Amino acid sequence: MGRVFRSTNIFYWLTFPTTLIFIFFLAHFPHVLPLNQLGSFGSYLSNLAANYQMFLIVGIWATIIAHVYEAFIARRICRKLRLDQQSTVLWMIQTFLVGFPSLLLLRGYLKHHS
């Protein structure tokens with residue numbers, strides 16, 4: 001099929017990776033974040049990091065593992081569509097960073113071309 005790549009909405013690019021990075025830092029390095037400058041939301045996050053750190057760690061790593069799995073699903077769909085290597089890598093990276101919205105776009109291509 002050749003080269004086929006379509007980026008997801010900019011909203012997903014701004015929110016998903018930023019949230020993942022923020023929660024990663026909140027779980028592993030909360031002292032790096034300026035939580036005291038965020039008012040009551042910062043107090044809530046500080047309390048969350050202090051009292052539920054293990055929950056945050058398990059949650060962020062489960063999310064990262066889910067995104068890796070989604071990237072491999074994207075790779076399998078790209079193989080079914082017979083996309084070139086560059087498109088496959090782009091779809092895998094996008095799906096790893098953005099997650100399910102990217103996978104939905106790719107599945108739409110699969111339904112359209114099957």
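None of these values were measured; they are calculated from a predicted model. Just so you know, these numbers use all the heavy atoms, side chains as well, and skip hydrogens, waters and symmetry mates.
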**Q** Check whether more than 12 heavy atoms from other residues, nucleotides or ligands sit under 6.0 Å from atom OH of Tyr52, and answer yes or no.
**A**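 No, not enclosed.
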
**Q** Would you check if Pro101 and Asn9 make a side-chain contact, meaning some heavy-atom pair closer than 4.5 Å?
**A**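 Of all side-chain heavy-atom pairs linking Asn9 with Pro101, none is under 4.5 Å.
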
**Q** Drop me the distance from Trp61's CH2 to Ile64's CD1, to the nearest 0.5 angstrom.
**A**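 If I round to the nearest 0.5 Å, the distance is 4.5 Å.
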
**Q** Rounded to the nearest 0.5 Å, how far does CD of Gln94 lie from CZ of Phe16?
**A**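 It comes to 11.5 Å.
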
**Q** If you compare all heavy atoms of Thr15 against all heavy atoms of Thr19, which two are closest, and at what distance to 0.1 Å?
**A**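 The pair with the smallest heavy-atom distance is O-OG1, 2.6 Å.
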
**Q** Would you find a donor on one side and an acceptor on the other, under 3.5 Å apart, between the side chain of Thr63 and the backbone of Gly59?
**A**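 Confirmed, Thr63 side chain pairs with Gly59 backbone.
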
**Q** Show your working on side chain to side chain contact (heavy atoms under 4.5 Å, CB included) between Trp13 and Leu97 and close with a plain yes or no.
**A** CA-CA 8 Å; Trp13 278 106; Leu97 293 174; 3.7 Å; yes

**Q** Can you name the ring pair (Phe, Tyr, Trp, His ring centres under 6.0 Å) partners of Phe5, sequence neighbours left out?
**A**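 Here the qualifying residues are Trp91.
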
**Q** Heavy atoms only: give me the nearest Cys78-Leu106 pair and the separation to one decimal.
**A**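 Between these two residues, the closest heavy atoms are SG-CD2, 3.9 Å.
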
**Q** Taking all atoms of both residues into account, what is the closest heavy-atom pair of Leu56 and Ile23, and its distance?
**A**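 The answer is CD2-CG2, 4.4 Å.
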
**Q** Could you label the plane-to-plane angle of the Phe24 and His28 rings as parallel, tilted or perpendicular, counting under 30° as parallel and over 60° as perpendicular?
**A**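 The arrangement is tilted - the two ring planes meet at 30° to 60°.
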
**Q** Aromatic rings Phe29 and Phe25: how do their planes relate, parallel, tilted or perpendicular, breaks at 30° and 60°?
**A**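 Ring orientation of Phe29 relative to Phe25: tilted.
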
**Q** Which residues, ordered by chain and number, are linked to Val58 in its hydrophobic cluster, where ILVMFWY side chains connect at heavy-atom gaps below 4.5 Å, directly or through other members?
**A**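 Result for Val58 is Met54.
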
**Q** Under 4.5 Å between side-chain heavy atoms, counting indirect links through other Ile/Leu/Val/Met/Phe/Trp/Tyr residues: same cluster for Val68 and Phe100 or not?
**A**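 Shared cluster, no.
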
**Q** Answer yes or no: is there a side-chain heavy-atom contact under 4.5 Å between Leu45 and Leu26?
**A**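 Side chain of Leu45 against side chain of Leu26, heavy atoms only: contact under 4.5 Å found.
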
**Q** For a quick test of reading the model, state the closest non-hydrogen atom pair linking Asp84 to Ser87 and the distance between them.
**A**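 Asp84 and Ser87 have their closest heavy atoms at OD1-OG, 2.7 Å.
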
**Q** Rounded to the nearest 0.5 Å, how far apart are CD of Glu70 and CG of Leu104?
**A**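 Taking CD in Glu70 and CG in Leu104, the distance rounds to 9.0 Å.
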
**Q** Can you check side chain to side chain contact (heavy atoms under 4.5 Å, CB included) on His67 and Leu20, steps first, answer last?
**A** CA-CA 11 Å; His67 279 239; Leu20 285 174; 4.0 Å; yes

**Q** CD1 of Ile10 to OG1 of Thr8: how many Å apart, nearest 0.5 Å?
**A**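 Result: 8.0 Å between the selected atoms.
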
**Q** Are Ile73 and Thr95 close enough, and set up right, to give a side chain to side chain contact (heavy atoms under 4.5 Å, CB included), and what steps lead you there?
**A** CA-CA 9 Å; Ile73 291 173; Thr95 304; over 6 Å; no

**Q** With hydrophobic residues grouped by side-chain heavy-atom distances under 4.5 Å, do Tyr44 and Phe55 end up in a single group?
**A**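 Linked, Tyr44 and Phe55 end up in one cluster.
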
**Q** Report the distance from atom CE of Met92 to atom CG of Leu103, rounding to the nearest 0.5 Å.
**A**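 Met92 atom CE to Leu103 atom CG measures 11.5 Å (nearest 0.5 Å).
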
**Q** Can you find a pair of side-chain heavy atoms, one from Tyr109 and one from Ile77, that are under 4.5 Å apart?
**A**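 Sidechains of Ile77 and Tyr109: no contact.
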
**Q** Is there a continuous path of hydrophobic side-chain contacts, each under 4.5 Å between heavy atoms, that joins Leu81 to Val89?
**A**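 No, Leu81 does not connect to Val89 through the hydrophobic network.
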
**Q** Once you round to the nearest 0.5 Å, how far does CZ of Arg6 lie from CG of Leu105?
**A**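 Interatomic distance, Arg6 CZ to Leu105 CG, rounded to 0.5 Å: 5.0 Å.
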
**Q** Could you tell me if the side chain of Tyr69 sits less than 4.5 Å from the side chain of Ile65, heavy atoms only?
**A**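 Side chain of Ile65 against side chain of Tyr69, heavy atoms only: no contact under 4.5 Å found.
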
